[in-house]
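In each ligand, atom 1 is the first atom listed, and ligand 1 is the first ligand listed. What you see below is based on every heavy atom in this structure, not just the backbone, and it leaves out hydrogens, waters and symmetry mates. Model, not experiment: these values are computed from the prediction.
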Amino acid sequence: MSVAAKPEAPVHEPPGDGLVGQAPPSPAGPVEPQDATGLPEPPVVDLPGALQVVRFNQRQIEFVFRARRTLGEVFRTRGVVPDGPVITSHPDHTRSLFTAKPEQAPSLTGESPLRPIVGPNSVLTAIGPRHMRQRKLLLPPFHGEAVERYAEMIAGAAEREIDRWPTGTPFALAPRMQAITLDVIMAGVFGIEGRPARGTPERALRTAIRYLLAVSTWPLAQLSELMNLGRDEPVGLTRAALSILDGRTYAVIKKRRSEAGVDERRDILSLLLRAHTEEGELLTDRELRDELLTLVLAGHETTANSLAWTWERLIRTPAAYERLRDAVRSGSQADEQIEAVITEGMRSRPVIPIIGRRVTGPWRLGRYAVPAGTPVAMSILLLHHREDLYPQPFAFRPERWLDRKPGTYEWIPFGGGIRRCLGAALAMAEQRVVLEAMTRRLDLEAEDPAPERAIHRNVTMIPSRGARVIVRSRR
Ligand code: HEM
């Protein structure tokens, strides 16, 4: 007796539970110039360039959702000079950019607002062979196993911080999360655990970093940042704050170089002091400074705000919060629930909402093609809110992720390909440990049941009130 083969389901139909689906296929990637000429260029957002720049920077969410509603999943924006990027939100387009050879689609982070601060040659801002060299040097301490060793240190930082929070009085979580992530960065990157003794270069450095991070939120600093756009060296307030920080960073580097036992130390500074390039060269002090500062700036606010957003969502979704609490406090399926909550938090509120590449040849994006030299941005926010991928995309539903791994080109809060976030494993470890400790020890409520708006600071998207909460009870 023969058994009839089961007909295959159409690819774009959501699987059984209707929680995560698939997008219809859309061809994308490099094309020969003659093949590109038959395809139209993407439709352009119909507003004056200067207005688009302002709207995009201040209200990116409204801007991109409206453009997608009116123009479809690929559209072009206008800048002041030069033209703004083409924005897409299809997973096949993402795949084509993440899997392209580095020379076909170099990253746009070389043009990031962090460039005048960390210089043009750090792992974040460099492109081409220089980027690959820096990335190779920095990868080992960020591997999963290396990061596992940090779990205890992260737990210590989280428990100490939680002990200090008031009960019954509202406060903003984001700065508290930043205190934890700063401790983690200082320990992981510089090997500085807890509060170093007064008068030491380590203490002076920690103070300078805290100062720089605090100052960077002032309106004056935002202005200063605009003045710095496109430069290789900073000016104004940024320069003043940085010169203090640089002096202190060099002092810590000098001290560490002269200390015995660097070979046994596991922090990133000590690893970099020993690291050789393939040509056998050691890193210069300036290179060390650029990489260390890159890690501090890339790793601290992002992780803190990602946690703050997850809590902002969780305390407004009582059923999900209840499930997490039950799992963590009973110890049954706690790891699965924690992972699902973090994954859904990063899906619905990606702290970095958009990333980009510049295509060096004609590129197909579904029905359209764009010419060589076009900046192509992937809107993480739009991709994470596709109805076909994530039914009820605006609902916070951690249960989407139980027994399912997020797709490489569909869930991209850490970007992808050879530019994927170097600190992703560390950021996930921090989020797991902190979420677990807070869930186990505290009962939290939102100060105001209305959701917090997203505001944009530099390249990040953060909760407008810093995720304000009240601790109702603690254990
Ligand atoms: C939740 C926290 C974090 C988020 C959401 C995040 C997100 C991102 C994104 C979107 C990119 C760009 C990827 C691309 O263009 O494809 C990136 C790059 C990067 N991130 Fe993170 N990040 C986080 C935490 C960290 C941490 C903890 C560190 C290090 C301590 C770090 C270090 C870096 C570096 C060095 C790069 C540049 C990688 C390269 O260009 O090769 N990040 N991150």
To the nearest 0.5 angstrom, please state how far the OG1 atom of Thr181 sits from the CD atom of Gln431. 10.0 Å
Going by atom types only, do Trp401 and Glu344 share a side-chain donor-acceptor pair under 3.5 Å? yes
Min heavy-atom dist Met428 to ligand 1 below 4.0 Å: no
Determine, considering heavy atoms only, which of Glu291, Gln431, Arg419 sits nearest to atom 40 (O) of ligand 1. Arg419
Under 4.0 Å, heavy atoms only, figure out whether ligand 1 is touched by the backbone of Thr303, its side chain, both or neither. both
What protein heavy atom lies closest to atom 42 (N) of ligand 1? Include the residue and the distance to one decimal. Cys421 SG, 2.9 Å
Using 30° and 60° as the class boundaries, would you call the ring planes of Phe56 and Phe63 parallel, tilted or perpendicular? perpendicular
Heavy-atom contact check, 4.0 Å cutoff: does Met346 meet ligand 1? yes
Counting C-beta onward and ignoring hydrogens, is there a side-chain heavy-atom pair between Leu295 and Leu138 closer than 4.5 Å? yes
Counting only heavy atoms, which portion of Val123 has something under 4.0 Å from ligand 1: side chain, backbone, both, or neither? both
Under the salt bridge (charged side-chain N to carboxylate O under 4.0 Å, His left out) criterion, do Arg349 and Glu452 qualify, and how do the steps go? CA-CA 11 Å; Arg349 295 291 186 277; Glu452 294 197 19; over 6 Å; no
Residue, atom name and distance, where the atom is the protein heavy atom closest to atom 26 (C) of ligand 1: Gly299 CA, 3.2 Å
At what distance is the nearest protein heavy atom to atom 37 (C) of ligand 1, and which residue and atom is it? Leu124 CD1, 3.5 Å
Which atoms from ligand 1 have a heavy atom of Arg135 less than 4.0 Å away? 38 (C), 39 (C), 41 (O)
Side-chain donor-acceptor contact under 3.5 Å, Trp363 with Ser96: yes
Contact atoms of ligand 1, heavy-atom distance to Pro413 under 4.0 Å: 5 (C), 7 (C), 10 (C)
Tell me if a side-chain donor or acceptor on Thr125 pairs with a main-chain N or O of Gly119 at a distance below 3.5 Å. yes
To the nearest 0.1 Å, how far is atom 24 (C) of ligand 1 from its closest protein heavy atom, and which atom is that? Thr302 OG1, 3.5 Å
Does Arg347 qualify as a cation-pi partner of Tyr390, given the criterion of NZ or CZ under 6.0 Å from the six-membered ring centre and within 45 degrees of its axis? yes
Can you list the atoms of ligand 1 that are under 4.0 Å from a heavy atom of Ile185? 30 (C)
Need the ligand 1 atom indices (1-based, order shown) with element for anything under 4.0 Å from a heavy-atom of Gly416. 16 (O)
Of Ser122, Gly423, Gly345, the residue with the heavy atom nearest atom 28 (C) of ligand 1 is Gly423
For Gly415, the ligand 1 atoms whose distance to one of its heavy atoms is below 4.0 Å: 10 (C), 13 (C), 14 (C), 16 (O)
Take the angle between the ring planes of Trp411 and His384 and call it parallel below 30°, perpendicular above 60°, tilted in between. parallel
Under a 3.5 Å cutoff, is there a donor and acceptor pairing between the side chains of Glu301 and Thr460? no
For ligand 1, is there an atom lying under 4.0 Å from some heavy atom of Ser107? no
Check: Tyr321 and Ile315 side chains under 4.5 Å, non-hydrogen atoms: yes
Quick check on Ile418 - does any of its heavy atoms sit under 4.0 Å from an atom of ligand 1? yes
How long is the span from the CG atom in Leu307 to the CE atom in Met346, to the nearest 0.5 Å? 9.0 Å
For ligand 1, which atoms, with element, lie under 4.0 Å from some heavy atom of Ser306? 1 (C)
With the side chain counted from C-beta on, respond yes when Leu402 and Glu399 share a heavy-atom pair under 4.5 Å apart, and no when they do not. yes
If you have a sec, work out which protein heavy atom is nearest atom 15 (O) of ligand 1 and how many Å separate them, to one decimal? Arg357 NH1, 2.9 Å
For His131, take its heavy atoms, then give the atoms of ligand 1 lying under 4.0 Å from any of them. 39 (C), 40 (O), 41 (O)
Enumerated ligand 1 atoms positioned under 4.0 Å from heavy atoms of Ala427: 1 (C), 2 (C), 24 (C)
